[in-house]
Every structure is written in C-alpha cells, then in structure tokens.
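Notes follow once the structure below has been shown.
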Amino acid sequence: MRKRITIIGLVVLIGALLWYVFIKPYDYKITFETPHATGTVYSTIIAWNNWKTKKEPVVTTLSKTPFYNIEQELAVSKDSTTIIDWHFDKINDSTTKISVYLKDKEHSFMQRLKVPFTKTSFVSKSLETMRRLREGLNMHARSYDVFEITEGTSPTEECVCSTVKTTLPNKANEMIKYNASIMLYFTKNELKFSGHPILEVTDWDKEANIITYDFCFPIENPQTTYPKAKDIFIKKIEGKKALRATFNGNYRISDRAWFTLLDYAQENNIELAHKPIEVFYDNPHNGGNELEWKAHIYMPIQ
C-alpha cells in the first residue's frame with residue numbers, strides 16, 4: 001500500500017512538473033484591483049500606446065473581447081518580447097479585478113526554470129510595468145466621479161442636430177467641431193435654445209471602438225418647418241426608460257459612466273440597449289474645475 005501511494009505521488013509530481021514546464025500557458029501571473037468599471041480598464045489598456053512615455057516599448061494588440069480580455073505583445077527589446085494576456089473581472093460596478101498572465105516569448109522555458117528560485121529580470125520588469133499601470137489607473141480614478149445610479153426617463157426634446165461617426169476617444173473633439181455649425185443655424189434662423197445640449201448614440205461598435213451619435217440642441221417653441229442646411233437636421237428625441245447616472249469630470253471621458261452603468265446593470269440583471277444618451281449641464285469653454293462639470297448619462301432599458 002505504501003509503495004502504491006509513493007508511486008501515485010511520483011506520478012502526480014511528474015505530471016505537475018510536465019504541466020508547469022511544457023503546458024502552462026504563462027510564465028508569471030500578477031493580480032490587483034482598481035477602482036474602475038471593467039470597460040474603463042479595457043479602454044485604458046487598449047490605448048496603452050497613447051499614454052505611455054516615448055521611451056517605453058510599443059504594444060501590439062493581438063486579440064480582444066471588449067471589456068473582458070485583451071492579448072498584447074510588448075516589444076521589450078530587440079531580442080525580447082513579452083506576451084500579456086489581460087483578464088478583467090467585475091467585483092462591483094466601480095471595482096475591477098485585473099489578472100495579468102505574462103509569457104517571455106523567446107525564453108519561456110528558462111523563465112519557468114528560474115522563476116521559482118529567483119527574481120529574474122523578466123519578473124522585475126513585469127512587476128514594475130504593472131505597478132506603474134496601477135498607479136496610473138488610481139490617478140485616473142481621481143479625475144472623474146460617477147454616482148446616483150437610479151432608474152428614470154431620458155429627456156423628450158425637439159432639437160437641431162448633426163450626426164457624427166468617430167472613435168469613442170474622439171467623441172468630444174467632434175462635438176466641439178459641430179458645435180459651431182449648430183450655433184450658426186440657431187442664430188441665422190432666429191431660433192432659441194430651450195435646454196442643455198444632448199448627445200444620443202445611435203450605434204456603438206465595441207470591437208472597432210467606433211460610435212455614431214446625434215449631437216443636438218433643444219429648440220424653444222418648435223416650428224412645423226425649418227430651413228435646410230448642410231449637415232444639419234431637426235430631430236425629436238423621444239424619452240426612454242433608462243438607468244441614469246450623474247457624471248462629474250471632463251466630458252471627453254464621460255464614457256466612464258457608460259461602463260459603470262453596464263456593470264451595474266449586469267450586477268442587477270437589467271438588460272440594456274447599448275445606446276447611451278448624455279445631457280451636458282456645463283459649458284467647457286467657460287473652464288473651471290472639471291470635477292464640477294456635470295452631465296446626466298442615460299442607458300436605455302430594453
């Protein structure tokens with residue numbers, strides 16, 4: 001019996017060693033939590049090349065599943081490449097657990113032999129990279145706030161609008177661009193505003209990170225007909241039952257509220273139409289503290 005137990009133990013040990021050296025899909029794993037919704041973390045990692053310093057290596061995205069997983073290749077040096085497999089797990093609507101699986105593409109076998117016994121350069125560099133990333137995410141969390149998630153109804157307004165198709169990070173730049181032509185239409189046709197600017201997303205391609213939206217200004221005393229103008233049209237935005245959140249921060253990153261609402265809905269088994277509506281209460285041209293800029297973000301309920 002003792003001999004049998006010994007043999008079984010050796011088989012298990014050899015099997016574990018074979019798995020560790022030859023089958024295990026990663027060389028090193030790092031996990032940490034961050035105070036963001038999963039979509040915010042995903043968007044930050046996808047845009048890594050935009051916020052890293054010039055001296056840092058270039059990242060290439062190999063595959064992605066929006067808001068859940070990204071696989072990237074990091075060119076550490078001419079003869080060293082790290083494969084990074086990111087997994088994002090929602091803890092709640094404002095906290096995400098990040099699991100990072102790292103593999104030394106050229107020297108994986110040697111890493112697996114060394115890692116249990118010594119802190120290799122590969123491990124040290126990986127830990128430093130993740131430390132800086134975590135600090136950056138924590139700093140970003142202080143640049144906005146999402147709160148007061150409730151069920152409500154989005155506004156019903158007749159508006160002067162322009163349709164925009166752009167990448168999600170470029171959303172605010174396009175709003176600024178079309179703001180002037182909409183203002184000119186109001187002035188030229190002696191119309192008056194009746195409320196705050198509204199953005200209504202009509203399509204959201206998460207894989208390509210591209211949105212199509214109508215940027216609109218409500219009209220006081222709507223008319224039956226309106227003069228025609230290039231890139232301008234009149235639209236009645238119909239109110240919809242929705243989850244609503246209050247957002248404080250720069251409107252360039254108001255999508256952080258989108259992601260928070262999506263995680264909140266998943267946590268509470270609420271099915272949403274992924275077509276956000278934003279109402280902006282402050283004029284960015286007036287400057288001031290961005291954390292005092294307010295917007296209501298609606299995500300329609302199916």
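Legend: residues meeting disulfide (SG to SG under 2.5 Å) with C159, ordered by chain and number and at least two apart, are absent. For K241, the side-chain contact (heavy atoms from CB on, under 4.5 Å) partners two or more places apart in sequence, or in a different chain, are E151, I301.
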- Query: Between N179 and F215, is a side-chain contact (heavy atoms from CB on, under 4.5 Å) present by the stated rule, with each step listed?
  - Reply: CA-CA 8 Å; N179 182 79; F215 182 44; 4.2 Å; yes
- Please step through side-chain contact (heavy atoms from CB on, under 4.5 Å) for the pair F217 and H196, ending with a clear verdict. CA-CA 7 Å; F217 281 78; H196 301 284; over 6 Å; no
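Salt-bridge formation is detected for the pair E278/K171: a Lys NZ or Arg NE/NH1/NH2 atom is positioned less than 4.0 Å from an Asp or Glu carboxylate oxygen. Of the charged side-chain nitrogens involved, at least one lies within less than 4.0 Å of a carboxylate oxygen, so that K235 and E200 count as a salt-bridged pair.
Hydrophobic cluster membership of L291, counting Ile, Leu, Val, Met, Phe, Trp and Tyr whose side-chain heavy atoms lie under 4.5 Å apart directly or via other members: none, as it forms a cluster of its own.
Distance alone, capped at 3.5 Å, is enough to place a donor-acceptor pair between the T187 side chain and the M183 backbone. Counting only distance, with no hydrogens or angles, the side chain of S162 and the backbone of D231 share a donor-acceptor pair below 3.5 Å. Distance alone, capped at 3.5 Å, is enough to place a donor-acceptor pair between the N268 side chain and the Y264 backbone.
Here the closest heavy-atom approach between residue T44 and residue R256 is recorded as OG1-NH2, 4.0 Å.
Exactly one of L133, I98, I91 qualifies for a side chain to side chain contact (heavy atoms under 4.5 Å, CB included) with T34. That residue is I98.
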